[in-house]
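Heads up, the thing below is written out as structure tokens.
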Amino acid sequence: DLPRLADDQDYQMWTESGGTMHSAGVLPREEQGARGAHVMEDVTGVTAVAISVEPAGGSTEPTSPPIVTVSTS
């Protein structure tokens, strides 16, 4: 139930391993404001997953603090 963002922003998913955040992709715009689940493959060594608000199209690294972080360890 994430609220829709302005056209110049996207939600981006991240995995954390070794203290570094790695992009897991941008949430499709048509899924903003809807409930759903995303399956992440190859999560070996991942210690957390997170979502942040990024410029449209995503970023190579988080540009804002995550709005949610879930520890996997």
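A distance-only check finds a donor-acceptor pair linking the side chain of Thr72 to the backbone of Val46 [under 3.5 Å].
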Could you tabulate the donor-acceptor pairs under 3.5 Å formed by side-chain atoms of residues 48-55, not counting sequence neighbours?
unit_1	atom_1	unit_2	atom_2	d
Ser52	OG	Trp14	NE1	2.7
Ser52	OG	Glu54	OE2	2.6
Glu54	OE1	Ser59	OG	3.0
Glu54	OE1	Thr63	N	3.1
Glu54	OE1	Thr63	OG1	2.4
Glu54	OE2	Thr63	N	3.1

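Among all heavy-atom pairs drawn from Ser23 and Gln12, the shortest one is OG-NE2, 2.8 Å. Nearest approach of Ala56 to Asp7, heavy atoms of both residues: CB-O, 3.6 Å.
Hydrophobic clustering (ILVMFWY, side-chain heavy atoms < 4.5 Å, transitive): Val68 and Leu5 are in one cluster.
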